[in-house]
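Report on the following structure.
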Amino acid sequence: MTGVPASAAGGSARAKATAPAADVSDAPDAPGASGAGVSSAVTGRSSSSGPAAGSDTDGSAGKAPRGKKIAAAAVNQASVWNIANLLTMLRLILVPGFVALMLADGGYDPAWRSLAWAAFAIAMITDLFDGHLARTYNLVTDFGKIADPIADKAIMGAALICLSYLGDLPWWVTIVILGRELGITLLRFIVIRYGVIPASRGGKLKTLTQGVAVGMYVLALTGWLATLRWWVMAAAVVLTVVTGLDYVRQAIVLRRQGIAARRAAAQKTTEENQA
């Protein structure tokens, strides 16, 4: 009989049974490692480690967008409280304070009028800086776009109405200036679908002249200064009317150009569809 002892056969069988496990743990990519035992072992390892890695990846991928959205929302919320918007808020707060100072003690006390002038001057100065800061440092927000023109019209309108109420300024001057400001603002909204009417140099000069003239009327001036403020206000009224008419002209031209562009685009689309 030519055979091997049972112990030797059993030993070799046991060696063969344990060999694949050793190969898999030490050298999983070794050549010649084939068979159901090797593939199942490799598959078992990959399947056992796969879900864990996949679950970590899915969890991090799911959390990252939410974190980014929360961070972006926090940045957007914080951006509202920038220096430009704070100056605009300050102007809005100064409006009721200015009115109270103007009408204090009957509205003719030089001391109260001086304090009212200080509030008006601060409001006009901040108006010069908030827009510049917003454009220079990219601090433009939706709140600023809405609140800034409101603050401008509010402080100027409050000053004009108080002066006319006290008899220092004719009501027709207040009506002309406020009518122009409100009308041009409304006109901008009407033609905004066709484009934006840019601020002109005349408009900036008008704003400056109005601020100086109203500021001089807020102060209790006498003598030649009282005469000078009349001429400054006259110049402000003229600039108000002239620049207002210019804005109307620009709005008409802009609307015509916008309508012509839309018609041309519609005709081109029709021709392409027919072709």
Side-chain angles (χ1 to χ4, degrees), residues 87-88 90-103 107-108 112-131 145-192 196-221 225-252:
L87 291 176
T88 301
L90 175 62
R91 285 211 312 284
L92 290 171
I93 294 173
L94 283 173
V95 172
F98 167 80
V99 173
L101 293 171
M102 274 291 293
L103 302 179
Y108 298 103
W112 289 112
R113 293 286 285 261
S114 298
L115 292 175
W117 176 86
F120 180 81
I122 292 173
M124 297 305 294
I125 291 172
T126 56
D127 182 33
L128 298 176
F129 285 102
D130 60 355
K145 293 177 183 179
I146 298 173
D148 182 68
I150 293 176
D152 297 342
K153 305 299 184 293
I155 190 65
M156 183 60 68
L160 290 170
I161 292 173
C162 286
L163 290 171
S164 295
Y165 173 78
L166 295 173
D168 294 338
L169 189 68
W171 275 106
W172 69 266
V173 174
T174 297
I175 293 172
V176 168
I177 295 178
L178 292 185
R180 183 267 189 199
E181 299 299 332
L182 296 177
I184 295 302
T185 301
L186 180 61
L187 188 62
R188 286 176 180 271
F189 281 110
I190 293 175
V191 301
I192 196 170
V196 177
I197 304 176
S200 62
R201 292 182 179 180
K204 295 179 180 179
L205 180 60
K206 178 268 306 177
T207 302
L208 177 61
T209 308
Q210 283 182 359
V212 173
V214 172
M216 295 179 71
Y217 268 87
V218 170
L219 287 172
L221 300 178
L225 288 175
T227 304
L228 177 62
R229 72 182 181 182
W230 187 91
W231 288 104
V232 176
M233 181 60 74
V237 171
V238 171
L239 287 173
T240 298
V241 174
V242 171
T243 56
L245 294 175
D246 182 61
Y247 273 118
V248 172
R249 180 192 62 80
Q250 292 186 57
I252 294 173

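Atom set for the values below is all heavy atoms of this structure, side chains included, hydrogens, waters and symmetry mates excluded.
Ser164 and Thr174 make their closest contact through OG-OG1, 2.5 Å (heavy atoms, listed as atom of the first residue, atom of the second, distance). Taking each heavy atom of Gly107 and Leu166 in turn, the nearest pair found is O-CD1, 3.6 Å. Taking both residues in full, the closest heavy atoms of Val218 and Arg113 are given as O-NE, 2.6 Å, listed atom of the first, atom of the second, then distance. Residues Ala151 and Arg91 share a closest heavy-atom pair of CB-NH2, 3.5 Å. For the residue pair Leu187 and Ala251, the shortest heavy atom distance occurs at CD2-CB, 3.5 Å. Here the shortest heavy-atom pairing between Asp130 and Leu87 reads CB-CB, 3.9 Å.
With rounding to the nearest 0.5 angstrom, the NZ atom of Lys153 is 8.5 Å from the CG atom of Asp148. Between the CD1 atom in Ile184 and the OG1 atom in Thr243 there is a gap of 7.5 Å [rounded to 0.5 Å]. Between atom CG of residue Asp152 and atom CG of residue Leu92 there is a gap of 9.0 Å, rounded to the nearest 0.5 Å. For the atom pair Trp171 CH2 and Leu163 CG, the distance stands at 10.0 Å (nearest 0.5 Å). To the nearest 0.5 Å, the span separating CG on Asp168 from CZ on Arg229 amounts to 6.5 Å. Taken to the nearest 0.5 Å, the OG1 atom of Thr126 stands 7.0 Å off from the CG atom of Leu94.
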Practice problem: List the steps and the verdict of side-chain contact (heavy atoms from CB on, under 4.5 Å) for Ile161 and Leu178. | Solution: CA-CA 9 Å; Ile161 292 173; Leu178 292 185; 4.1 Å; yes
Quiz item: Step by step, would you call Leu169 with Trp230 a side-chain contact (heavy atoms from CB on, under 4.5 Å)?
Solution: CA-CA 9 Å; Leu169 189 68; Trp230 187 91; over 6 Å; no
Exercise. Go through the steps to decide whether Met124 and Leu208 satisfy the test side-chain contact (heavy atoms from CB on, under 4.5 Å), and finish with yes or no.
Key: CA-CA 9 Å; Met124 297 305 294; Leu208 177 61; over 6 Å; no
Practice problem: Please report the C-alpha distance between Tyr247 and Arg180 in whole Å, then the side-chain angles of each, then the deciding distance to 0.1 Å, and finally whether the side-chain hydrogen bond (donor to acceptor under 3.5 Å, both in side chains) criterion is met. | Solution: CA-CA 10 Å; Tyr247 273 118; Arg180 183 267 189 199; 5.1 Å; no
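Using a 4.5 Å cut-off on side-chain heavy atoms (C-beta onward), Leu101 and Phe120 make no contact. Counting heavy atoms from C-beta outward, Leu160 and Ile175 have side chains that stay 4.5 Å or more apart. Side-chain contact between Glu181 and Met156 is absent, with no heavy atoms from C-beta onward closer than 4.5 Å.
With salt bridges taken as basic N to acidic carboxylate O contacts below 4.0 Å, none links Asp246 and Lys206.
For Tyr108, the OH atom sits in a packed shell: over 12 heavy atoms of surrounding residues, nucleotides or ligands are nearer than 6.0 Å. Surrounding NZ of Lys204 are at most 12 heavy atoms belonging to other residues, nucleotides or ligands under 6.0 Å away.
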